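I have placed the structure first, in the form of structure tokens, so that the comments after it can refer back to it.
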Amino acid sequence: MSERLNQLLLGKDLDALLFFSPENLRYLTGFSGGEGVVCFRPQGISLLVDFRYFEEARLEAGQCEIHLLRQGMKGLREYLKERRFRRVGLEARAITLSGFQEILQEGIEFIPLTHELDPLRAVKTPEEVRKIQEAVRIAERAFEEVLEDVRAGLREIDLALELEYRMRAMGSEGVAFEAIVLSGPRTALPHGRPSGRPIGEGEVVLFDFGARVGGYCSDKTRTAFLGKADPELRRVYEVVLEAHDRALEAVRAGVSFREVDRAARQVIEDAGYGEFFGHSTGHGVGLAVHEFPSLSPDSEGILEEGMVITIEPGIYLPQKGGVRIEDLVLVKDNGCEVLTKRDCELKIL
Ligand code: ZN
Ligand code: ZN
């Protein structure tokens with residue numbers, strides 16, 4: 001990782017790189033406090049935090065130089081000035097415009113970096129994969145328990161809370177993201193939030209959830225039917241499952257992001273539902289639940305061994321209902337390892 005960053009410094013003639021996102025702070029230093037700045041230089045990594053996080057930073061990021069940041073971005077401005085930097089690269093997606101204005105100064109040229117930093121965390125080490133697997137295990141156990149409780153009359157929010165509670169009780173650090181539980185026509189909202197709507201007999205129910213271990217997320221979606229499945233949604237389910245399986249078969253190191261997306265999208269288009277699949281086929285998962293790469297029709301890039309990505313095609317019919325099936329996979333040289341259980345056959349609860 002240092003090697004990659006050193007090359008970036010050299011290639012862009014930079015004296016230092018500044019990182020602001022909680023994920024990169026944790027990735028580069030081990031610090032989990034979430035707030036602060038990492039200054040990367042060939043000589044070493046410095047972590048700048050304010051008083052609230054100083055002790056925590058010393059405990060978690062002992063191998064870095066820890067610098068007490070006074071007055072927030074003003075303090076960072078002084079820090080940069082004292083070190084006489086000329087050109088500094090910024091994690092542009094993670095600094096606010098007002099923060100940027102506060103560090104601006106004569107004599108330093110700031111270079112915003114976006115896609116240059118994307119691949120940084122994409123390939124996981126075995127240790128990172130182990131944490132993701134543990135998050136998967138917790139989330140799946142919690143889900144299996146909750147699934148047994150699903151019955152007509154329970155509200156979406158009841159099931160979402162139950163799922164989150166069980167994940168936390170089983171050792172998840174918070175949740176990877178707010179659990180999504182949707183029912184009936186609300187399943188047509190790809191990222192809807194659980195509401196007070198009671199689930200009715202014969203309805204479709206969609207669960208999208210993830211746990212977090214050592215900072216690392218899991219992400220999985222299952223769609224089930226309560227009592228019986230509506231004939232059209234049953235057909236939609238079969239199409240989504242077919243798209244999901246074709247995409248999984250396409251995953252292998254060396255294949256482009258687009259090809260994997262195409263494998264899923266083709267099935268859905270051929271079935272006449274193309275316009276109802278408006279999101280990407282998958283995304284990277286790690287310290288952030290959504291990270292590089294994105295598997296979409298306009299993505300640039302190629303899968304590498306060790307990437308952890310989701311495969312999650314979906315079809316959403318407005319006012320009727322939606323189906324999404326999402327699994328988490330580890331990219332291998334000769335294919336992939338599905339990290340989630342492949343329990344994706346149509347389920348009647
Ligand atoms: Zn998801
Ligand atoms: Zn996802």
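Counting convention: from 1, in listed order, for ligands and their atoms alike. Note that the coordinates shown come from a computational prediction; the quantities given were computed from them, not determined experimentally.
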Short check: any N/O/S atom of His290 below 2.8 Å from the Zn ion (ligand 2)?
no
Note to self: Let me check your reading of the structure: within less than 2.8 Å of the Zn ion (ligand 2), is there an N/O/S atom from Asp208?
What the structure shows: no
Atom name of the N, O or S atom of Asp219 nearest to the Zn ion (ligand 1) is OD1
Worksheet item: Can you tell me if Arg324 and Tyr316 form a side-chain donor-acceptor pair at under 3.5 Å?
Response: yes
Per residue Glu312, nearest N, O or S atom to the Zn ion (ligand 2) is named OE2
_When you compare the side chains of Thr125 and Glu127, does any donor N or O come within less than 3.5 Å of an acceptor on the partner?_
no
Exercise for review: Please confirm whether Phe40 and Phe19 have ring centers closer than 6.0 angstrom.
Suggested key: no
Checklist entry - With a 3.5 Å cut-off and no angle check, do the side chains of Asp219 and Thr310 form a donor-acceptor pair? => result no
**Report entry** Glu326 N/O/S atom closer than 2.8 Å to the Zn ion (ligand 1)
**Finding:** yes
Could you go through the ring-ring contact (aromatic ring centres under 6.0 Å, His included) check for Phe110 and Phe85 one step at a time? CA-CA 10 Å; Phe110 290 101; Phe85 292 148; 9.6 Å; no
